[in-house]
**Q** 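The structure that follows is given in the form of structure tokens.
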Amino acid sequence: MSITDPNAPKTAFVFAGGGSFGAVQVGMLRSLAAHGVTADMVVGSSVGALNGAFYAGDPTLSGVERLAAIWRGLQRQDVFPVSWKTLLSFLWRRDFLISHDGIRKLIDDHIPFGNLQDARLPLHIVTTDIISGDSVVLSEGSTAEAIVASTAIPGAFTPVHYRDHFLADGAISSNTPVRVAVRKGARRLIVLPTGHACANQAPPVGALANALHALTLLIARQLVNELENIGSDIEYFVVPPLCPLVGSPYDFSRTSDHIARATDATDAWLAGDGLKEGHIPHELQPHQH
């Protein structure tokens, strides 16, 4: 479904955040790419900035398969390297818990373009000015700095000093940045949420796991609110997230299952004419499963 007419409405893929649940987006992308569904631009926030940047650099099925292979090889320590040493450093000397080194290594190893404007598709990374709370959208300049900033969960990662801002996780101000996509000229949105764990699960264990779980709930509520108030001239389609979605956004042990299930679910959604009728999936509403 590639758009070649320059006057046709521009389509944006909009990538939400959600920690390790970002693997769900990879399954969605596999299905979309296999069915020839493409975008004119990419907008991403938090882990969606990482997935979105990789896709914008290689928006092909083979590129998505490489992204899936990267995700399958990830462990929690690759992204959230927490140890007794980091805990002691946090207690005694630092105002943050986790180093940016893990995220930065992922970017350096797997995203070939050093500046956002060099991606194959226009790419817009959403971050938050930690002083004002406003969204700051980065569309040019350092790819690594933009993604590191957009994934910097406050309290866990230190904010990134970039230009005249101290930037942190895009989820704070606009985790599923549909309005950003509209401002950038998109009139057709394909939203890739990550979803949230079902309500009948036991609470996640650990401070960071709880913080990430709360963030995924915020993401879902924020997305529903933004879509309910979007302009009537904007066409949008939300790829349904997984339900039930088990585990924690801090847990990378279920990645292969998330990718496989999301691929199958998106195949079924497309076969059921999901790209003909836009609505907010029930999986994003409060539910048990």
**Q** Can you check whether R72's main-chain N or O pairs, donor with acceptor, with T255's side chain at less than 3.5 Å?
**A**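 Checking the backbone N and O of R72 against the side chain of T255, no donor-acceptor pair under 3.5 Å is found.
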**Q** Hey, any chance L106 and V148 share a hydrophobic cluster, counting ILVMFWY side chains that come within less than 4.5 Å of each other, even indirectly?
**A**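 Hydrophobic grouping puts L106 with V148.
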**Q** Please identify which of these residues, H35, R30, M28, meets the side-chain contact (heavy atoms from CB on, under 4.5 Å) condition with T266.
**A**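 Only match with T266 under side-chain contact (heavy atoms from CB on, under 4.5 Å): M28.
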**Q** Please check if I190 and L61 belong to a single hydrophobic cluster, counting links between Ile, Leu, Val, Met, Phe, Trp and Tyr side chain heavy atoms closer than 4.5 Å.
**A**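 Looking at the clustering, L61 is in a separate group from I190.
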**Q** Side chain to side chain donor-acceptor pair (under 3.5 Å) with D118: which residues, sequence neighbours excluded?
**A**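 With sequence neighbours excluded, D118 shows a side chain to side chain donor-acceptor pair (under 3.5 Å) to no residue whatsoever.
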**Q** Do N51 side-chain atoms and G22 backbone N/O form a donor-acceptor pair below 3.5 Å?
**A**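 Side chain of N51 to backbone of G22: a pair is present.
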**Q** May I ask you to check whether S31 and D267 show a side-chain donor-acceptor distance below 3.5 Å?
**A**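 Checked: S31/D267 side chains pair up, N/O donor to acceptor below 3.5 Å.
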**Q** Would you compute the distance between atom OG of S45 and atom CG of L50 and round it to the nearest 0.5 angstrom?
**A**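 It is 12.0 Å, given to the nearest 0.5 Å.
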**Q** Is the backbone N or O of I131 less than 3.5 Å from a side-chain atom of D129, with the two atoms forming a donor-acceptor pair by type?
**A**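 Checked: pair present.
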**Q** Side-chain heavy atoms under 4.5 angstrom apart, residues restricted to Ile, Leu, Val, Met, Phe, Trp, Tyr: same cluster for M41 and F113?
**A**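 Per the 4.5 Å side-chain linkage, M41 and F113 are not co-clustered.
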**Q** If you take the centroid of each ring, where Trp contributes its six-membered ring, are H110 and F54 closer together than 6.0 Å?
**A**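 Aromatic pair excluded; centres sit 6.0 Å or further apart.
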**Q** Who are the side chain to side chain donor-acceptor pair (under 3.5 Å) partners of S62, not counting sequence neighbours?
**A**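 For S62 the side chain to side chain donor-acceptor pair (under 3.5 Å) partners, ignoring immediate neighbours, are T60.
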**Q** Kindly state each residue pair satisfying salt bridge (charged side-chain N to carboxylate O under 4.0 Å, His left out) with at least one member in residues 137-148, sequence neighbours excluded.
**A**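 Every pair satisfying salt bridge (charged side-chain N to carboxylate O under 4.0 Å, His left out) with a residue in residues 137-148: R104-E145.
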**Q** Taking all non-hydrogen atoms of both residues, which atom of G141 and which atom of Y162 are closest, and how far apart?
**A**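 Residues G141 and Y162, closest heavy atoms: CA-OH, 3.7 Å.
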**Q** So F15 and Y55, would you call those rings parallel, tilted or perpendicular, with 30° and 60° as cut-offs?
**A**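 The arrangement is tilted - the two ring planes meet at 30° to 60°.
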**Q** Counting N and O atoms only, with roles assigned by atom type, does the side chain of T194 sit under 3.5 Å from a partner on the main chain of F21, one being a donor and the other an acceptor?
**A**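 No; zero donor-acceptor contacts below 3.5 Å.
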**Q** Quick one: does any side-chain atom of T127 pair with a main-chain N or O of S150 as donor and acceptor, under 3.5 Å?
**A**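 No, T127 side chain to S150 backbone: no donor-acceptor pair under 3.5 Å.
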